[in-house]
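Remember, it's 1-based here, ligands and their atoms both numbered in the order they're listed. All figures in this text were calculated on a predicted structure; none of them were measured in a lab. Only heavy atoms go into these numbers, but all of them, side chains included; no hydrogens, no water, no symmetry mates.
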Amino acid sequence: MSRSETVLSALAEGVLTLTLNRPDKLNSFNEEMHLALREQIRRAHDDAAVRAVLLTGAGRGFCAGQDLGDRDPRKGGPAPDLGHTLETFYNPTLRLIRNLEKPVVCAVNGVAAGAGANIAFACDIVLAAKSAKFIQAFAKIGLIPDAGGTWSLTRILGEPRAKALALTAEPLLAEKAAEWGLIWKAVEDDMLRSEAETLARSLAAGPTLGLGLTKRLIQEAATNTLDRQLDLERDAQQRAGRSADYAEGVTAFLEKRKAVFRGE
Ligand code: LHQ
């Protein structure tokens with residue numbers, strides 16, 4: 001399978017839809033899929049026609065984390081350097097998703113395990129099919145939650161739930177994940193795709209600069225003082241207030257019509 005086949009991409013109405021596509025392996029990551037996903041998220045950064053990203057998985061799973069068949073210990077040889085794997089493959093992608101100043105919607109269509117779960121949690125708005133579950137599978141194979149897992153679980157859930165999920169690898173059902181605030185919502189399986197697409201399309205039709213700045217400010221809030229955050233809000237609002245989309249938003253309000261944002 002070529003690199004591009006491991007991540008299907010389609011751009012329509014400002015939404016770049018990325019589908020992890022190794023369904024036989026529950027879309028677990030091999031090197032090709034890592035590189036393909038990174039290439040597509042870079043494209044989302046660079047291409048002004050992309051105003052939102054929708055990430056999902058092909059088949060019955062979302063993503064089962066790293067392809068464990070890639071490094072079969074039964075084949076012998078020296079122990080792998082997994083730190084190098086993270087630095088080379090996972091961490092750049094996580095940083096790109098978080099730093100992308102455009103909304104990233106994740107539609108978790110089925111099981112999300114290991115790094116697969118934590119990549120979903122790095123996205124901005126996560127919808128999951130009610131039948132989906134999230135598994136911090138790392139404890140079962142002697143690893144630690146990576147792909148930002150120790151960070152996002154702890155930030156979002158607090159230590160007690162983060163530790164219980166990570167230490168037991170107990171599956172967390174989509175509805176419970178929503179109840180705990182780990183994802184935005186759990187939806188009926190047959191509604192997931194259409195709800196996620198509607199959401200992504202409406203974000204893509206939004207004021208892209210303002211949405212991007214909002215994403216960044218919310219991400220930075222956790223480590224800033226209120227004073228610092230007020231300064232950042234001032235600076236970001238100054239930029240947003242100079243955008244064509246702000247002028248259009250206010251004009252549309254005054255003219256009692258729907259705003260037509262161009263992402264400028
Ligand atoms: C898989 C996988 C998989 C290969 C299902 N690999 N084939 C970072 C740094 C570097 C290295 C290490 O990792 C990391 C980050 C990580 O993500 S570590 C965590 C890796 N992931 C896991 O440990 C999860 C492993 N998978 C599972 O526990 C189960 O497959 C889950 C619970 C996800 C789903 O269970 P089932 O619904 O019962 O499906 P299944 O187990 O029958 O899987 C279906 C097929 O997919 C099967 O292949 P087969 O040929 O037998 O039909 C699996 O072997 C394959 N598959 N996950 N990660």
message: Can you confirm whether some protein heavy atom lies under 4.0 Å from atom 38 (O) of ligand 1, or whether none does?
response: no
task: Could you state whether Y246 and L211 fall into the same hydrophobic cluster, counting links through intermediate Ile, Leu, Val, Met, Phe, Trp or Tyr residues with side-chain heavy atoms under 4.5 angstrom apart?
output: no
field: Within reach of ligand 1, part of A64 (heavy-atom separation under 4.0 Å)
entry: both
message: Counting only heavy atoms closer than 4.0 Å, does ligand 1 sit against the backbone of T85, its side chain, both, or neither?
response: side chain
- prompt: Are any of the protein's heavy atoms under 4.0 angstrom from atom 53 (C) of ligand 1, yes or no?
  reply: no
message: Any nitrogen or oxygen of L68 lying under 3.5 Å from a nitrogen or oxygen in ligand 1? Just yes or no.
response: yes
task: Check whether any protein heavy atom sits under 4.0 Å from atom 43 (O) of ligand 1.
output: yes
task: State whether a side-chain donor-acceptor pair under 3.5 Å links T85 with R71.
output: yes
Identify each donor-acceptor pair in which a side-chain atom of residues 137-160 lies under 3.5 Å from a protein atom, sequence neighbours left out, and give them as a table.
unit_1 : atom_1 : unit_2 : atom_2 : d
S152   : OG     : G148   : O      : 3.0
T154   : OG1    : T150   : O      : 2.5
E159   : OE1    : K163   : NZ     : 2.6

- request: Output yes when a protein non-hydrogen atom is found under 4.0 Å of atom 27 (C) of ligand 1, and no otherwise.
  value: no
field: Nitrogen or oxygen atoms of D146 and ligand 1 under 3.5 Å apart
entry: no
- prompt: Near G65, which atoms of ligand 1 are under 4.0 Å from a heavy atom of that residue?
  reply: 17 (O)
- request: Considering the heavy atoms of Y90, write down every atom of ligand 1 situated less than 4.0 Å from one of them.
  value: 8 (C)
message: Is atom 49 (P) of ligand 1 near the protein, in the sense that some protein heavy atom lies at less than 4.0 Å from it?
response: no
message: With a cutoff of 4.0 Å, is D24 in contact with ligand 1, counting heavy atoms of the residue only?
response: yes
Side-chain donor-acceptor distances from residues 224-233 under 3.5 Å, at least two apart:
unit_1 : atom_1 : unit_2 : atom_2 : d
N224   : ND2    : E220   : O      : 3.3
N224   : ND2    : Q229   : OE1    : 2.8
T225   : OG1    : R228   : N      : 3.1
Q229   : NE2    : L217   : O      : 2.8
D231   : OD1    : R234   : NH1    : 3.4

- request: Check whether any N or O atom of A115, backbone or side chain, sits under 3.5 Å from an N or O atom of ligand 1, and answer yes or no.
  value: yes
message: Would you say L11 ends up clustered with I97 if hydrophobic residues are merged whenever their side chains have heavy atoms under 4.5 Å apart, either directly or through other cluster members?
response: yes
K215/E101 ion pair, N-O < 4.0 Å: no
message: Has D245 got a side-chain atom pairing as donor or acceptor with R262's backbone, closer than 3.5 angstrom?
response: yes
query: Does F29 have a non-hydrogen atom less than 4.0 Å from ligand 1?
result: no
query: Side-chain heavy atoms under 4.5 angstrom apart, residues restricted to Ile, Leu, Val, Met, Phe, Trp, Tyr: same cluster for F261 and L203?
result: no
- request: Mark yes when over 12 heavy atoms from residues, nucleotides or ligands other than Q219 sit less than 6.0 Å from its CD; otherwise mark no.
  value: yes
query: Do the charged groups of K130 and E188 touch, with an N to O distance under 4.0 Å?
result: yes
message: If only side-chain N and O atoms count, and only distance matters, is there a donor-acceptor pair under 3.5 Å linking R22 with T6?
response: no
- request: Take every heavy atom of K140, measure it against each atom of ligand 1, and state whether any distance is under 4.0 Å.
  value: no
statement: Looking only at protein heavy atoms, what sits closest to atom 12 (C) of ligand 1 is L143 CD1, 3.6 Å
field: Any protein heavy atom nearer than 4.0 Å to atom 6 (N) of ligand 1
entry: yes
query: Hey, does R60 come in under 3.5 Å of ligand 1, counting only N/O atoms on both sides?
result: yes
- prompt: For atom 23 (O) of ligand 1, is the nearest protein heavy atom closer than 4.0 Å?
  reply: yes
